[in-house]
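See below for the structure under consideration.
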Amino acid sequence: VKDTSGNPIENATVILAGGNATSDSTGFYNLTRTLPEGTFNVIAKATGFDDYIDEVTFSFTNYSIQKNITMQQETPGAGETYIPHIYGYVVDTNNIGILGATVSVGNETTTTDGSGYFSMYPSTTPTNQTVVAYKSGYNNNYAIIDLSTQPLEVEVTIVLEQLESYEDLLFATGPYT
């Protein structure tokens with residue numbers, strides 16, 4: 001994980017398919033996940049930088065990926081911060097709330113309750129912000145919210161797609177005759 005000048009970014013959080021890793025002083029991170037084939041969101045967050053959002057695709061022939069991340073300096077707000085109430089639900093594709101999903105905005109993090117509900121009051125700038133939700137066993141997802149008009153309340157619903165379990169990926173073999 002580096003900035004646009006090629007300098008390493010220490011303590012960046014990289015999120016992929018419900019797991020996360022933190023970059024070291026050289027910008028290096030290592031994130032190991034057992035995943036089915038498919039395309040997954042990769043999100044990186046670091047203090048002083050805009051959130052990085054991209055996708056990676058895994059297949060049976062492409063199962064180990066080196067993902068270099070270049071982050072932009074944080075887009076300046078109006079030199080001010082404010083504290084909105086950001087709340088809502090993290091649900092699965094059947095619109096059922098997900099217990100224990102992690103939700104973050106900037107440097108603020110919370111977890112969802114039994115109905116998938118979350119509520120937070122992050123100190124943020126009046127710019128576009130990324131609300132990220134992730135949980136092990138699900139592909140992470142995000143919503144970009146516009147805080148430029150400094151709304152006091154923002155409701156967000158984020159849908160997480162459940163991943164196939166590792167057991168679902170096992171294939172019966174033999175005996176052969």
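Numbering starts at 1 and runs along the sequence shown. All values below were derived from every heavy atom in this structure, side-chain atoms included, with hydrogens, water molecules and symmetry-related copies excluded.
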Do [X] and [Y] pair up side chain to side chain, a donor and an acceptor below 3.5 Å, judged on atom types alone?
X	Y	answer
Thr57	Thr39	yes
Thr124	Gln129	yes
Asp50	Tyr52	no
Tyr29	Asp24	no

Do [X] and [Y] make a side-chain contact, defined as non-hydrogen atoms from C-beta onward lying under 4.5 Å apart?
X	Y	result
Ile96	Val91	no
Tyr138	Ile98	yes
Pro8	Val1	no
Tyr87	Glu153	yes
Ile86	Val156	yes
Phe58	Glu37	no
Thr47	Glu74	no

Minimum heavy-atom separation for Met120 and Glu108, please, with both atom names.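 Of all heavy-atom pairs spanning Met120 and Glu108, the closest is CE-O, 3.4 Å.
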Which pair of non-hydrogen atoms, one from Thr70 and one from Asp3, has the smallest distance, and what is that distance?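 For Thr70 and Asp3, the tightest heavy-atom pair comes out as CG2-O, 3.7 Å.
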For the atom pair OG1 (Thr81) and CG (Leu147), what is the distance rounded to the nearest 0.5 Å?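 One gets 12.0 Å once the value is rounded to the nearest 0.5 Å.
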Quick one: pull up CD in Gln66 and CG in Asn30 and give me the separation to the nearest 0.5 Å.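 Here the rounded value is 11.0 Å.
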For [X] and [Y], indicate whether the former's side chain and the latter's backbone hold a donor-acceptor pair under 3.5 Å.
X	Y	answer
Ser25	Glu10	no
Asn41	Asn140	yes
Lys135	Leu99	yes
Thr112	Gly100	yes
Tyr82	Pro151	yes
Asn141	Val159	yes

Among Thr110, Val105, Thr111, which residue satisfies the side-chain contact (heavy atoms from CB on, under 4.5 Å) criterion with Phe118?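 Testing Phe118 for a side-chain contact (heavy atoms from CB on, under 4.5 Å) against Thr110, Val105, Thr111 leaves exactly one candidate, Thr110.
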Would you sort out whether Asp92 and Glu161 count as a side chain to side chain contact (heavy atoms under 4.5 Å, CB included), showing the intermediate values? CA-CA 6 Å; Asp92 65 16; Glu161 182 181 352; over 6 Å; no
According to the interplanar angle, ranging from 0 to 90°, do the rings of His85 and Tyr121 count as parallel (below 30°), tilted (30 to 60°) or perpendicular (above 60°)?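 Parallel: the ring planes of His85 and Tyr121 meet at under 30°.
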